[in-house]
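Just follow the structure's listing: the first ligand is 1, and inside any ligand the first atom is 1. All residue numbers in this chain count up from 1 along the given sequence.
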Amino acid sequence: MPVPGPGYSITVRVEAPPSASAAGDLTSAVGRVGGVITAFDVVESHGDRVVVDITCNAMSANHARDITTALEALPGVAVRKVSDRTFLMHLGGKIEVSAKVALRNRDDLSRAYTPGVARICQAIAENPDDARRLTIKRNTVAVVTDGSAVLGLGNLGPAAALPVMEGKAALFKKFAGVDAWPVCLDTQDTEEIIRAVELIAPVYGGINLEDIAAPRCFEIEARLREKLDIPVFHDDQHGTAICVVAALRNALRVVGKDIADCTIVVCGVGAAGSAIIRLLLQRGPADVVAVDIDGIVHRDREGMDTNLAWVAQNTNRDGKTGRLHDALVGADVFIGVSAPNLFGAEQVATMADDAVVFALANPDPEIDPLEAQRHAAVVATGRSDYPNQINNVLAFPGVFRGLLDAQARTITDPMLLAAAEAIADIVAPEQLNPSFIVPSVFDAAVAPAVADAVRRAAQA
Ligand SMILES: NC(=O)c1ccc[n+]([C@@H]2O[C@H](COP(=O)([O-])OP(=O)(O)OC[C@H]3O[C@@H](n4cnc5c(N)ncnc54)[C@H](O)[C@@H]3O)[C@@H](O)[C@H]2O)c1
């Protein structure tokens with residue numbers, strides 16, 4: 001059930017009669033249709049009318065229209081303008097470049113640019129590794145997409161992906177001081193994407209692949225890792241895997257189970273699910289059972305691609321077959337990165353005692369978390385309006401901070417596991433409970449702890 005949130009926040013400018021009851025009438029009208037007022041500002045006052053900006057959260061674009069209609073229906077009230085605050089925030093984009101050096105006079109100019117800069121160019125030509133010391137490469141990451149899997153919205157193309165990539169760059173800067181820049185490629189051809197990233201790589205200390213559809217994303221990442229001497233990290237895969245492994249470690253602490261005794265169902269074997277399975281297997285669970293849209297993944301299934309075949313070979317010890325509901329029977333943990341509304345409380349009841357349910361499909365999870373809570377001991381989602389939000393922002397800023405600080409040339413599973421441990425460890429034993437298995441995304445301790453762990457693992 002959606003609740004009003006800042007994602008659909010509007011400011012409605014209305015003219016209203018200057019009566020004593022005007023404010024009450026306006027706020028009541030918004031409240032009656034379920035809007036949540038966050039600000040009420042009188043911007044003009046006249047003898048015969050007041051002009052008021054009412055800012056409120058809605059549940060959807062339609063709900064925002066209902067709020068406006070409710071205000072218009074009040075006697076003597078006229079709506080002058082409706083501003084969507086999310087669109088306002090995006091006007092002209094969300095990031096910019098700023099110079100780190102002062103350019104006040106000829107002296108500054110001669111060192112920052114010609115003629116002085118020529119000596120820096122020559123130094124790098126003689127010793128290419130100096131680029132990591134004397135240029136932005138030291139702190140810069142490319143956020144690369146082809147726009148083929150934008151959020152849960154599908155193949156929107158490179159231009160429509162840009163607001164997400166800008167947001168990602170803003171998060172990199174805010175949480176870890178990393179200078180990230182969007183690179184939205186106007187191609188969805190695997191070879192062209194690989195070549196394009198290879199060609200731009202000299203500028204960057206790392207490549208963050210983003211919102212590139214499976215299975216193309218697997219090959220692109222693997223080939224770029226072979227070709228480049230900087231770390232390549234597909235956040236939809238490994239950022240998710242890090243956060244899930246961190247959250248699972250703490251969830252199992254809450255229920256007092258050892259992962260070595262747990263059967264884990266992973267529903268969704270796309271970008272996120274495949275990476276989760278690979279990282280989880282390093283933690284030594286009793287078994288992992290993977291399920292996708294065609295049912296349980298097992299060795300005798302036909303028509304599997306390389307990725308599914310690998311999963312089939314390395315999971316499902318007992319050769320289970322069937323659908324998700326069959327997989328859930330007796331399982332200790334469910335991890336969903338698939339599709340909305342796949343099961344209900346009655347299926348959770350068939351899981352082992354003290355079941356853990358991570359229903360991460362966005363925006364609507366595999367099971368309503370309130371339903372899941374009826375039988376599960378710990379429930380997590382990807383949503384900010386429920387406890388235990390599993391959000392990649394816990395991982396990627398610190399991961400790249402650590403990689404850049406270590407001047408790492410690759411990224412390895414021990415680094416991913418170190419990042420997961422660091423996130424889990426932020427939750428102190430006295431804080432840990434079924435509603436708090438991961439730290440807040442605004443916990444300032446997270447990114448430095450992750451960075452430190454990744455840097456140590458990279459230097460080990
Ligand atoms: N931190 C998070 O909360 C987080 C992180 C990553 C992905 N996600 C969510 O996970 C979902 C999957 O993301 P992805 O990038 O891996 O997508 P993807 O398209 O690469 O993979 C989707 C997978 O789900 C499976 N699937 C689809 N419908 C299914 C059904 N009815 N039953 C069983 N399996 C089904 C598909 O077969 C496929 O294996 C999305 O909703 C995404 O928003 C959440």
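Between the CZ atom of R216 and the CD atom of E219 there is a distance of 10.5 Å, given to the nearest 0.5 Å. For the atom pair M165 CE and D211 CG, the distance stands at 4.0 Å (nearest 0.5 Å). A distance of 8.5 Å separates CG in L416 from CD in Q282, rounded to the nearest 0.5 Å.
With atom 23 (C) of ligand 1 as the reference point, the heavy atom nearest to it among A241, C243, G268 is part of G268. Of the candidates I293, D211, L324, it is I293 that places a heavy atom closest to atom 35 (C) of ligand 1.
Under 4.0 Å from ligand 1, the heavy atoms of C267 that appear belong solely to its side chain. The proximity of D294 to ligand 1, defined as any non-hydrogen pair under 4.0 Å, does not occur for either the backbone or the side chain. Counting heavy atoms under 4.0 Å from ligand 1, residue N362 touches it through both backbone and side chain.
No N or O atom of G273 sits closer than 3.5 Å to an N or O atom of ligand 1. By the 3.5 Å distance cut-off applied to N or O atoms, A214 is not counted among the residues near ligand 1.
The atoms of ligand 1 that sit less than 4.0 Å from any heavy atom of A339 are 28 (N), 29 (C). If you number the atoms of ligand 1 from 1 as listed, the ones under 4.0 Å from a heavy atom of G382 come out as 3 (O).
Salt-bridge formation is not detected for the pair D189/R195: no Lys NZ or Arg NE/NH1/NH2 atom is positioned less than 4.0 Å from an Asp or Glu carboxylate oxygen. Using a 4.0 Å cut-off between charged side-chain N and carboxylate O, R223 and E191 make a salt bridge. A salt bridge links D452 with R455: at least one charged nitrogen is closer than 4.0 Å to a carboxylate oxygen.
Here the protein heavy atom with the shortest distance to atom 13 (O) of ligand 1 is V337 O, 4.3 Å. For atom 31 (N) of ligand 1, the closest heavy atom belonging to the protein is L342 CD2, 3.4 Å. Closest to atom 15 (O) of ligand 1, if we only count protein heavy atoms, is A271 CB, 3.8 Å. The nearest heavy-atom contact from the protein to atom 9 (C) of ligand 1 is L360 O, 3.5 Å. Ranking the protein heavy atoms by distance from atom 1 (N) of ligand 1 puts I390 O, 2.9 Å first. Of the protein's non-hydrogen atoms, A272 CB, 3.9 Å is the one closest to atom 7 (C) of ligand 1. The protein non-hydrogen atom at the shortest distance from atom 6 (C) of ligand 1 is T240 OG1, 3.3 Å. Counting only heavy atoms of the protein, atom 39 (O) of ligand 1 lies nearest to V269 N, 2.8 Å.
Side-chain contact between S9 and N57 is present, with heavy atoms from C-beta onward closer than 4.5 Å. Inter-residue side-chain proximity for K257 and V356 is flagged as unmet; no heavy-atom pair is nearer than 4.5 Å.
Using a non-hydrogen distance threshold of 4.0 Å, N392 registers as a contact of ligand 1.
Remark: aromatic rings of F396 and F233 are distant, center separation not under 6.0 Å.
For the residue pair R383 and N388, no side-chain donor N or O sits within less than 3.5 Å of a side-chain acceptor on the partner. A donor-acceptor contact closer than 3.5 angstrom is absent between the side chains of N155 and S148.
Distance check for atom 17 (O) of ligand 1: every protein heavy atom is found at 4.0 Å or beyond.
Here the rule is side chain to side chain contact (heavy atoms under 4.5 Å, CB included) with I296, and of N316, L324, T321, T315 only N316 fits it.
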